[in-house]
Colleague: 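A single structure is presented below for examination.
Each chain gets a letter, A, B and so on, in the order the sequences are listed, and its residues count up from 1. Note that the coordinates shown come from a computational prediction; the quantities given were computed from them, not determined experimentally.
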There are 2 protein chains.
Amino acid sequence: MSMSNIHVAIIEDDPEIRKLMEIVIDGSPGFSCFHTYEDAESALIGLPRYKPHLVLMDIHLPGMNGIECTRKLTSLLPDTQIIMLTIQEDDDSVFDSLCAGASGYLIKSTPPAQLMEALEEAHRGGAPMSPQIARKVVRSFRPKSQSPLSERETEVLALLCKGENYRSVADALFVSTNTVKAHIKSIYQKLQVNTRAEAVSQALRDKLI
Amino acid sequence: MSMSNIHVAIIEDDPEIRKLMEIVIDGSPGFSCFHTYEDAESALIGLPRYKPHLVLMDIHLPGMNGIECTRKLTSLLPDTQIIMLTIQEDDDSVFDSLCAGASGYLIKSTPPAQLMEALEEAHRGGAPMSPQIARKVVRSFRPKSQSPLSERETEVLALLCKGENYRSVADALFVSTNTVKAHIKSIYQKLQVNTRAEAVSQALRDKLI
DNA sequence: AACAAAATTACCCAAATGGGTCATGGCGAT
DNA sequence: ATCGCCATGACCCATTTGGGTAATTTTGTT
């Protein structure tokens with residue numbers, strides 16, 4: 001039944017690839033591809049009316065790129081799943097894509113059968129991506145390097161992240177404000193910073209806390 | 001050939017599940033399970049000698065839990081891939097596990113065939129996890145809510161994250177320090193904070209920048 | 001036993017920060 | 001045209017912060 005089919009839209013500037021994907025999708029039972037676009041701008045105008053279930057988005061588009069288009073599309077169509085397509089396996093734009101709201105990340109050379117499996121998975125609430133990309137994403141949660149801070153210093157830094165000042169940190173740790181000052185000075189030296197904001201920023205970025 | 005087999009260790013306190021998994025793994029061509037442990041403490045003593053390729057780690061262990069054990073194990077054996085096992089599909093500990101260094105996250109009821117596929121994938125450099133978990137992980141990259149800040153305020157906040165002060169922010173944006181002060185005051189009001197550290201902390205946490 | 005690192009506390013002082021209040025001009029929406 | 005938001009700028013003042021220097025005690029490791 002066409003009514004219950006999964007509707008897929010394609011945004012891809014290469015006419016050959018676009019046509020090829022359209023044929024693969026339309027030829028798959030349970031899927032329909034009614035709308036294809038060759039650039040981000042026309043997709044942003046057309047798509048809000050059609051509310052597709054899935055969008056296959058080329059990352060490299062002429063004019064507005066696929067990541068910026070994803071950012072705009074997710075706020076226009078929060079229920080539409082967007083899957084990025086890229087040529088490079090180890091593309092650095094994977095994190096930018098996920099931050100922009102993409103649900104998956106595939107390479108263009110993915111064979112038709114696997115592409116359809118990925119679309120199926122995306123529609124079922126998954127996040128299809130190649131194993132290498134998945135590992136990269138998972139690794140991003142780990143601390144990048146061994147923390148140079150002592151346990152106590154880490155405790156202090158965690159409190160600074162909550163916006164506490166000398167006085168309240170001191171109270172929380174049952175020490176004097178002078179001690180807190182000493183710890184903070186030591187933290188600054190080790191992290192090579194000289195303000196709280198920078199220390200907090202680095203702590204969160206490098207997952208020291 | 002046993003020498004080139006993928007060596008899997010199991011850390012699981014339930015003797016039945018442990019034995020079952022051991023049988024499944026040993027019965028799979030290309031895999032061997034030489035070492036099993038019923039708690040984190042004995043695993044941490046035993047494993048460094050054997051350096052398995054993969055570890056199946058139960059999250060809920062008596063004594064030290066699986067996440068803490070993962071943290072210690074990844075620093076002892078950085079080349080060993082650790083895959084977490086849990087009963088709950090939507091366990092909140094997935095992020096803690098990944099931060100601790102886990103490479104995958106499976107539920108215990110995963111059928112043997114899929115379990116072995118996941119182990120294969122982990123060993124090939126992937127990050128096996130259920131589609132629901134994958135989506136959860138991917139979603140964590142998105143900003144949680146619409147930013148209340150204006151464009152200019154966001155610019156200022158980004159500079160504060162780099163540790164800049166009134167003077168340097170003012171220079172970077174070609175405005176007076178008083179204007180920067182005004183922007184910062186406005187940021188504080190909107191974010192309901194009253195120090196830089198807290199503003200920066202919230203900005204990075206909520207992905208406002 | 002000796003040494004290094006960490007935790008603790010103290011004091012001085014200059015600079016940075018945060019709060020309060022006010023004012024002007026531009027711009028979009030009602 | 002009026003209201004609200006935004007960006008810009010200014011001034012005062014109390015508090016907080018960061019840098020310098022120094023000392024004691026605990027703890028862990030040779």
Colleague: Examine B:R135 relative to B:F141 and say whether NZ or CZ is less than 6.0 Å from the centre of the six-membered ring and inside a 45° cone about the ring axis.
Modeller: no

Colleague: Taking NZ in B:K144 as the centre, count heavy atoms belonging to other residues, nucleotides or ligands within less than 6.0 Å. Is the count above 12?
Modeller: yes

Colleague: When you measure from the side-chain N and O atoms of B:T179 to the phosphate of D:dT8, is any distance below 4.0 Å, counting only OP1 and OP2?
Modeller: no

Colleague: B:E151 CD to C:dG28 C1': how many Å, rounded?
Modeller: 15 Å

Colleague: Looking across every strand, which nucleic acid part, if any, lies under 4.0 Å from B:N178 by heavy atom: base, sugar-phosphate, or nothing?
Modeller: base

Colleague: Check every strand shown and say whether A:R196 touches a base, only sugar-phosphate, or nothing at a heavy-atom separation below 4.0 Å.
Modeller: sugar-phosphate

Colleague: It should be established whether B:Y188 places a side-chain nitrogen or oxygen under 4.0 Å from OP1 or OP2 of nucleotide C:dG19.
Modeller: no

Colleague: Whole-Å distance between D:dC6 C1' and B:E153 CD?
Modeller: 8 Å

Colleague: Rounded to whole angstroms, how far apart are NE2 on B:H183 and P on C:dT17?
Modeller: 16 Å

Colleague: From the list C:dA16, D:dC6, D:dT8, which nucleotide is the closest neighbour of the side chain of B:A182?
Modeller: D:dT8

Colleague: Does A:V175 offer a backbone N or O that forms a donor-acceptor pair with the side chain of A:T179 under 3.5 Å?
Modeller: no

Colleague: With a 4.0 Å limit, can you tell me whether A:R152 has a side-chain N or O closer than that to the phosphate oxygens OP1/OP2 of C:dT8?
Modeller: yes

Colleague: Rounded off to whole Å, could you give me the CG-to-P distance for the A:D171 and D:dT16 pair?
Modeller: 12 Å

Colleague: When you check the phosphate oxygens OP1 and OP2 of D:dT16, does a side-chain N or O of B:T195 lie under 4.0 Å from one of them?
Modeller: no

Colleague: What is the distance, to the nearest angstrom, from the CD1 atom on B:I187 to the C1' atom on C:dT17?
Modeller: 14 Å

Colleague: What I want to check is whether an N or O donor and acceptor connect the side chain of B:K185 with the base of C:dG18 at under 3.5 Å.
Modeller: no

Colleague: For B:S176 and A:A197, take the nucleotide of DNA chain D holding the closest heavy atom to each; which residue's nucleotide lies nearer the 5' end?
Modeller: B:S176

Colleague: I need the CG-P distance between A:L160 and D:dG18, as an integer number of Å.
Modeller: 8 Å

Colleague: Specify the residue among A:L173 and B:Y166 whose closest nucleotide of DNA chain C lies further upstream toward the 5′ end.
Modeller: A:L173

Colleague: What is the separation between atom CD on B:E164 and atom C1' on D:dT17, rounded to the nearest whole Å?
Modeller: 18 Å

Colleague: B:T154 side chain to B:S150 main-chain N or O, any donor-acceptor pair under 3.5 Å?
Modeller: yes

Colleague: Output the rounded distance in Å from CG (B:N194) to P (C:dA16).
Modeller: 21 Å

Colleague: Say whether, by atom type as modelled, one donor and one acceptor occur between the side chain of B:T70 and the main chain of B:G66 under 3.5 angstrom.
Modeller: yes

Colleague: Can you tell me which nucleotide in D:dA7, C:dG18, D:dG18 comes closest to the side chain of B:I184?
Modeller: C:dG18

Colleague: Within 45° of the ring axis of B:Y166 and under 6.0 Å from its six-membered ring centre, is that where the NZ or CZ of B:R196 lies?
Modeller: yes

Colleague: Do B:K181 side-chain and C:dG20 base share a donor-acceptor contact under 3.5 Å?
Modeller: no

Colleague: Using a heavy-atom cut-off of under 4.0 Å over every strand shown, decide if A:S186 touches base, sugar-phosphate, or nothing.
Modeller: nothing

Colleague: I want to check one thing: is the phosphate of C:dT9, taken as OP1 and OP2, less than 4.0 Å away from some side-chain N or O of A:T177?
Modeller: no

